[in-house]
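The structure appears right after this line, and notes come after that.
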Amino acid sequence: MPLVSMRQLLDEAAKGGYGVGAFNVNDMEQIQAIMEAAKQTNSPVIIQASRGARAFAQDNYLYHLMLAAAELYPEIPLAMHLDHGNSFETCKSAIELGFTSVMMDGSLKADGKTPATFEENVAVTKQVVDFAHERGITVEGEIGVLGGIEDGHGAGGTGLEHVTDPDQAVEFAEKTGVDALAIAIGTSHGAYKFSKKPDGSVLKMDILIAIHKRLPKTHLVMHGSSSVPKDLQDIINQYGGKLKETWGVPVEEIQLGIRNGVRKVNVDTDNRLAITGAIRKVLWETPEKFDPRDYLKPAREAMQKVVAQRMTQFGQAGHAGDYKALSIAEIAKGYKDGSLSTKPLVADK
Ligand code: G3H
Ligand code: 13P
Ligand code: ZN
């Protein structure tokens, strides 16, 4: 199956009432881990690459690895998504390369750190939507700003400084026509999200529910959604690592989000933890080993296990064969003739 539209994946997820994990990749082993997990659980899948991943792997390697994945797993609907595009140019280059979906994160200026104004965010996101939809490509926008700066994205702070305002979310969705809307509810990227198990004072599920009430048909996106499981932290620390005590987003909160319009769930850190723990274990227990396959294979297996578990928990498992993927040209036609709506349904307060 060729790479498919993320819009179609999310529309289908909405019909089925489930969420789809969007997993970050930088290399071949991570792509292999996700595809094996998708096969194991019969799941449609979103694979995403950040600007950092594009720089690390180089665009052509990444793109051809994704084509190989689509070729090797023809039964799995697979969308290739740009994570946190910082400008029109970044999104344009991803689309020209062959990504079937892009995120224009206009919540921050192009430096990826300074919060942008609402007007700036609307303008750059709309520019990307116009360019992308003409070509059948999906667009995710972001309103509100995530906390933290661990991965080079975010305005710093706890994540509570720029929580999404539901009225602004409505205005943003109406003015831009995005296919998916990322919102800020107190999460941040990386391992250090919360200093104890989060409650409603730091993880604003009430805001998410309020946004869903106003925009009942809009596909919501949760960033910073790693759960940072204690068992993965422990493996790293048991084999010489030095992670400080920390909490992520509990899976049950993500499931609450999925019951309230969340269709895309971004996970990177949990996989990083799984990979690092597995590599540390091999090198610690068998320091005489030096063939990279001796640690990359267990690392790939550890990531596959986490991804398969999330696919099951988010509900996408079992849904790979539910529908026939449309071509990107058919999707472009849908945007043009209005059969793929870009006008959000807005409910009264
Ligand atoms: O957006 C955050 C993802 O975890 C990607 O992180 O920019 O370090 O590749 P990265
Ligand atoms: P985590 O760091 O929680 O995995 O979040 C990843 C993310 O939001 C990528 O955009
Ligand atoms: Zn993110």
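Nothing here was measured: the structure is a model prediction, and the numbers come from that model. As the structure lists them, so they are numbered: ligands from 1, and atoms in each ligand from 1.
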Going from [atom1] on [X] to [atom2] on [Y], what distance comes out if it is rounded to the nearest 0.5 angstrom?
X	Y	atom1	atom2	result
Ile47	Met66	CD1	CE	4.0 Å
Lys175	Thr125	NZ	OG1	12.5 Å
Glu96	Asp59	CD	CG	11.0 Å

Answer yes or no: does an N/O atom from [X] fall short of 3.5 Å to an N/O atom of ligand 2?
X	value
Asp270	no
His189	yes
Gly224	yes

* Asked: Should Thr90 and Arg54 be marked as a side-chain hydrogen bond (donor to acceptor under 3.5 Å, both in side chains) after you check the CA-CA gap, both sets of side-chain angles, and the distance that decides it?
  -> CA-CA 10 Å; Thr90 304; Arg54 289 175 69 185; 5.7 Å; no
* To do: Is it possible for you to check whether Lys244 lies under 6.0 Å from the centre of the six-membered ring of Tyr192, through NZ or CZ, and within 45° of that ring's axis?
  =>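 Geometry flag: set, cation within 6.0 Å and 45°.
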* Would you say Asn24 and ligand 1 have an N/O pair spaced under 3.5 Å apart? ->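 Between Asn24 and ligand 1 (N or O atoms, distance only) the closest approach is not under 3.5 Å.
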* **Contact (N/O only, under 3.5 Å) between Ser50 and ligand 1** =>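 Checking ligand 1 against Ser50, an N or O pair does fall under 3.5 Å apart.
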Considering only heavy atoms of [X], which atoms of ligand 2 have at least one such atom less than 4.0 Å away?
X	value
His223	8 (O), 10 (O)
Gly190	2 (O)
Lys193	1 (P), 2 (O), 3 (O)
His84	10 (O)
Val267	4 (O)

* Asked: What do we get for Ser225 next to ligand 2 when only non-hydrogen atoms under 4.0 Å count, side chain, backbone, both or neither?
  ->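 Ser225 to ligand 2: backbone contact only, side chain stays beyond 4.0 Å.
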* Using heavy atoms and a threshold below 4.0 Å, how should the contact between Asn24 and ligand 2 be classified: side chain, backbone, both, or neither? ->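 Asn24 to ligand 2: side-chain contact only, backbone stays beyond 4.0 Å.
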* To do: Assess whether atom CD of Glu71 is packed by more than 12 heavy atoms of other residues, nucleotides or ligands within 6.0 Å.
  =>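 Counting neighbours around CD of Glu71, 12 or fewer heavy atoms of other residues, nucleotides or ligands fall under 6.0 Å, so no.
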* To do: Kindly check if the number of other-residue, nucleotide or ligand heavy atoms within 6.0 Å of CD (Glu252) is above 12?
  =>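 Check passes, neighbour count above 12.
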* Asked: When clusters are formed by joining ILVMFWY residues with side-chain heavy atoms under 4.5 Å apart, either directly or through shared neighbours, do Val251 and Leu208 land in the same one?
  ->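 No, separate clusters.
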* Pro44 versus Val20, closest heavy-atom pair with distance ->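 Shortest heavy-atom separation between Pro44 and Val20 comes out as O-CG1, 4.0 Å.
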* Quick one: closest heavy-atom pair of Asp11 and His219, and the distance? =>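 Scanning both residues completely, I find the closest heavy atoms to be OD1-NE2, 2.7 Å.
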* Asked: Parallel, tilted or perpendicular: which describes the rings of Phe314 and Phe23, with under 30° parallel and over 60° perpendicular?
  ->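 Judged by the thresholds at 30° and 60°, the geometry between Phe314 and Phe23 is parallel.
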* Hey, what's the angle at the Zn ion (ligand 3) spanning NE2 (His84) and NE2 (His189), nearest 10 degrees? ->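 Centred on the Zn ion (ligand 3), the NE2/NE2 angle is 100° (to 10°).
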* For ligand 1, which part of Asp83 has a heavy atom less than 4.0 Å away: the side chain, the backbone, both, or neither? ->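 Under 4.0 Å from ligand 1, Asp83 contributes side-chain atoms alone.
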* His223: which N/O/S atom is nearest the Zn ion (ligand 3)? ->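 Restricting His223 to its N, O and S atoms, the minimum distance to the Zn ion (ligand 3) goes to ND1.
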* To do: Determine the sole option in Gln48, His223, Arg51, Glu140 for which the side chain to side chain donor-acceptor pair (under 3.5 Å) test with His84 is passed.
  =>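 Of the listed residues Gln48, His223, Arg51, Glu140, the side chain to side chain donor-acceptor pair (under 3.5 Å) partner of His84 is His223.
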* Which is closest to atom 2 (O) of ligand 2 by heavy-atom distance: Asp268, Thr269, Leu273? ->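 Nearest heavy atom to atom 2 (O) of ligand 2 lies in Thr269.
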* To do: Measure from atom 4 (O) of ligand 2 to every heavy atom in Gly248, Ala22, Ser226 and give the option owning the shortest one.
  =>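 Residue with the shortest heavy-atom distance to the ligand atom: Ser226.
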* Asked: Does one side chain, of Asn266 or His189, offer a donor that lies under 3.5 Å from an acceptor on the other?
  ->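 No, no side-chain donor-acceptor contact under 3.5 Å.
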Give the atoms of ligand 1, by number and element, whose distance to some non-hydrogen atom of [X] is under 4.0 Å.
X	result
Arg272	4 (O), 5 (C), 6 (O), 8 (O), 9 (O), 10 (P)
Asp268	3 (C), 4 (O), 5 (C), 6 (O)
His84	1 (O)

* Asked: Does even one non-hydrogen atom of Met222 get within less than 4.0 Å of ligand 2?
  ->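 For ligand 2, residue contact (heavy atoms, under 4.0 Å) with Met222 is absent.
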